There are 2 protein chains.
Amino acid sequence: MMDQKAPTPPDADVSGVLTQLYGYITAAQLPDDGRLPPERELAELLGVKRTELRKGLAALEREGQLWRHVGKGTFVGPKPPQLVDIADLVQRSNPVQVMKARIGLEPELSRLAAINATVAEIATLAELNASCRAATSWREYEAYDARFHHQIAEAAHNPILIALLETLNAVRRAVTWGRPRPSHSSPPADHHSFEDHDRIVDAIAHREPGGAADAMRRHLQNVEDRLIGRAP
Amino acid sequence: MMDQKAPTPPDADVSGVLTQLYGYITAAQLPDDGRLPPERELAELLGVKRTELRKGLAALEREGQLWRHVGKGTFVGPKPPQLVDIADLVQRSNPVQVMKARIGLEPELSRLAAINATVAEIATLAELNASCRAATSWREYEAYDARFHHQIAEAAHNPILIALLETLNAVRRAVTWGRPRPSHSSPPADHHSFEDHDRIVDAIAHREPGGAADAMRRHLQNVEDRLIGRAP
DNA sequence: GGTCGCAACCAATTTTATTTTGGGCACTGT
DNA sequence: ACAGTGCCCAAAATAAAATTGGTTGCGACC
């Protein structure tokens, strides 16, 4: 009699509640979002105590069939994704991580641009590249540089990747914001990005997906090296 | 007398308010977000009528030095970026584009995971992989598969890339939603993804960034081939 | 008579307060 | 010990009130 509980794991008596729960879920047609009644209510509906019900719910949650959140409720099915909060994201990020993200994303955009870009888009890209060279201040240069990279995303013709890049740029601007920059000087004529941009445009114009991706990757790598301080 | 207003553009008498405004902006230290007092208050501060003040603000907004929004206020500086609207994004996307985006993003996540993952995270990854194999329904398999890919993002330790992947997954689920799937059958024991996942976990566990990225790329390529119908 | 100032009104947004919900603690009775 | 009970807590949704930029209509004044 002393070892009567030995063969019964901690969730042993939960099985009864589990079957009841499973029955309720399949029987009662719950709303589109899969939300089921609050614990206190559901406990009374099933005729069990809240403590007992919670054990069953916890078990189902462990299996991933269920997800709960304080103040929200209990939902059947996989938990929906949380949309990005840029402000919160900015606080938990640093410029290096932003660069890592760009290196992860933009080479593939460059590859797709080489495949899908229209001639008009390539022409615009070349114009923006020229405008970068002609910029008379860092502020102006950065504005054209941003449009240059954005134009590549447009040329990739993938709305999802465009949206992702925009999100990334939002974070980038916020993270970069407030860093000291010489407002009166201008980019030097031998700025490394000029050649990098040239190579990217060439590869896209010549329809070389691999080359375009590589050129973009090297460009961003250069920028990161400058950022970290590995290169002047 | 009839052409007395010809030489005076509509904003002629605004110059006075403009100088006052410019003085106030530089003098009064406004909060970090660049927000300045509400129109009614600011008008009294500058000793002008609201109508007049609004003309000045409108002029500055045209120049892009200012941005306003009903209910929010008036802010000095460029307007912050708009966050992505997933619902709109879904309408303009198709499953193939989703796969292209995944191929662009996830290999790099895999690479970073091989560099930054903790042993605990690698263990969790292996567990999720085993759960995928043990799944008794496609629904359950997909739940674990999603968590598997998400765990890789976590292990990459880059909050920005995690956020981007979550956005992408949100679109993915919405796009995939409602497609027919056999609810009672289960993934076959020789499902190609099992081996793919094994290779990814191995590469991450052995700290091989390049191998992890390649394994992920090949995995997603396989999935895309099945999606398009190039492979059974 | 038409042009300009003025005030009230409007809709978008934030702020504040209230309610609901899952999670957790301490006491109690067996 | 141990489960049950009641209560409180923090997170979140919901509701209500207060702000705020934008708009319209009325009237005064040239």
Side-chain angles (χ1 to χ4, degrees), chain A residues 1-6 8-17 21 30-62 65-77 79-83 85 87-88, chain B residues 1-6 8-14 16-17 21 25 30-62 64-77 79-80 82-83 85:
Chain A
M1 53 178 70
M2 57 179 25
D3 55 348
Q4 223 171 12
K5 68 164 180 260
T8 63
D11 292 348
D13 57 345
V14 176
S15 58
V17 190
L21 256 176
L30 26 85
D32 279 357
D33 54 358
R35 174 176 189 176
L36 44 85
E39 288 184 356
R40 293 162 174 88
E41 197 174 324
L42 185 56
E44 197 169 12
L45 265 170
L46 299 185
V48 299
K49 291 303 171 190
R50 190 159 93 107
T51 311
E52 209 170 353
L53 171 64
R54 297 192 95 263
K55 288 180 189 170
L57 291 176
L60 285 183
E61 188 180 31
R62 254 177 254 124
Q65 310 237 341
L66 210 58
W67 69 275
R68 317 182 265 179
H69 201 298
V70 189
K72 279 179 134 161
T74 306
F75 300 80
V76 179
K79 76 181 71 157
Q82 59 213 1
L83 48 80
D85 176 7
D88 174 66
Chain B
M1 53 178 70
M2 57 178 33
D3 54 348
Q4 220 172 14
K5 68 164 178 261
T8 63
D11 293 346
D13 57 345
V14 175
V17 191
L21 254 177
I25 290 174
L30 27 83
D32 280 356
D33 55 358
R35 175 176 187 175
L36 44 85
E39 289 184 355
R40 295 160 173 90
E41 198 174 323
L42 185 56
E44 197 169 12
L45 264 169
L46 299 185
V48 300
K49 290 302 175 188
R50 190 157 94 107
T51 310
E52 207 171 355
L53 172 63
R54 293 191 100 265
K55 288 180 189 170
L57 292 175
L60 285 182
E61 189 180 29
R62 254 177 256 123
Q65 309 233 337
L66 211 57
W67 69 275
R68 319 182 260 179
H69 200 301
V70 189
K72 283 179 128 155
T74 306
F75 300 81
V76 179
K79 77 178 72 156
Q82 64 210 358
L83 48 79
D85 178 7

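Values below: every heavy atom of this structure, side chains too, minus hydrogens, waters and symmetry copies. Every value quoted in this text rests on a predicted model; they were computed, and no experiment measured them. Here is the naming used below: chain letters follow the sequence lines, and residue numbers restart at 1 for every chain.
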Chemist: To the nearest Å, how far apart are A/L36 CG and C/dT21 P?
Modeler: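 From A/L36 CG to C/dT21 P: 12 Å.
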
Chemist: Under a 4.5 Å cut-off applied to non-hydrogen side-chain atoms, are B/V17 and B/K55 in contact?
Modeler: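 No, side chains not in contact.
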
Chemist: Any chance you could measure A/E52, atom CD, to A/L57, atom CG, to the nearest 0.5 Å?
Modeler: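 It is 11.5 Å, given to the nearest 0.5 Å.
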
Chemist: Would you kindly give the CD-to-P distance between B/E52 and C/dA7, to the nearest whole Å?
Modeler: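 Rounding to the nearest Å, CD of B/E52 and P of C/dA7 are 14 Å apart.
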
Chemist: Using whole Å, what does the distance between atom C1' of nucleotide C/dG23 and atom CG of A/L53 come to?
Modeler: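 Result: 13 Å.
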
Chemist: Can you tell me if the side-chain N/O atoms of B/K55 get under 4.0 Å from OP1 or OP2 in C/dG5?
Modeler: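 So the side-chain polar atoms of B/K55 do come within 4.0 Å of the phosphate oxygens OP1 or OP2 of C/dG5, strictly under.
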
Chemist: Atom CG of A/L57 to atom P of C/dG23: distance rounded to whole Å?
Modeler: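 For the pair A/L57 CG and C/dG23 P, the rounded distance is 8 Å.
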
Chemist: Taking only N and O in the side chain of B/H69, is any of them less than 4.0 Å away from OP1 or OP2 of D/dT20?
Modeler: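 No.
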
Chemist: Evaluate A/L53 against A/L21 for side chain to side chain contact (heavy atoms under 4.5 Å, CB included), listing each step before the verdict.
Modeler: CA-CA 9 Å; A/L53 171 64; A/L21 256 176; 4.1 Å; yes

Chemist: In whole angstroms, how far is the C1' atom of D/dG21 from the NZ atom of B/K49?
Modeler: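 Interatomic distance, NZ of B/K49 to C1' of D/dG21: 18 Å.
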
Chemist: Could you tell me the separation between the CZ atom of A/R40 and the NZ atom of A/K49, rounded to the nearest 0.5 Å?
Modeler: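 Going from the CZ atom of A/R40 to the NZ atom of A/K49 covers 13.5 Å.
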
Chemist: Looking only at non-hydrogen atoms, find the nearest pair between B/L66 and B/F75 and report the distance.
Modeler: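 In terms of heavy atoms, the two residues are closest at CD1-O, 3.3 Å.
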
Chemist: At under 4.0 Å, does any side-chain N or O of B/R40 touch on OP1 or OP2 of D/dT19?
Modeler: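 No, B/R40 has no side-chain N/O under 4.0 Å of OP1/OP2 on D/dT19.
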
Chemist: Examine C/dG22: is either OP1 or OP2 under 4.0 Å from a nitrogen or oxygen in the side chain of A/T74? Give yes or no.
Modeler: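 True: A/T74 side-chain N/O within range (under 4.0 Å) of C/dG22 OP1/OP2.
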
Chemist: Output the rounded distance in Å from CD (A/E39) to C1' (D/dT5).
Modeler: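 Going from A/E39 (CD) to D/dT5 (C1'), I get 15 Å.
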
Chemist: For A/K72 and C/dT21, what is the distance between atoms NZ and C1' respectively, to the nearest whole Å?
Modeler: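 These atoms are roughly 12 Å apart.
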
Chemist: Has the side chain of A/R54 got a donor or acceptor that lies under 3.5 Å from a partner of the other kind on the base of D/dG4?
Modeler: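 Answer no: no donor N or O sits under 3.5 Å from an acceptor.
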
Chemist: Has the side chain of A/R50 got a donor or acceptor atom sitting under 3.5 Å from an opposite partner on the base of D/dG6?
Modeler: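 Counting by modelled atom types and ignoring angles, no donor-acceptor contact under 3.5 Å is found here.
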
Chemist: Send over the distance from B/R68 CZ to D/dG21 C1', rounded to a whole Å.
Modeler: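 For the pair B/R68 CZ and D/dG21 C1', the rounded distance is 7 Å.
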
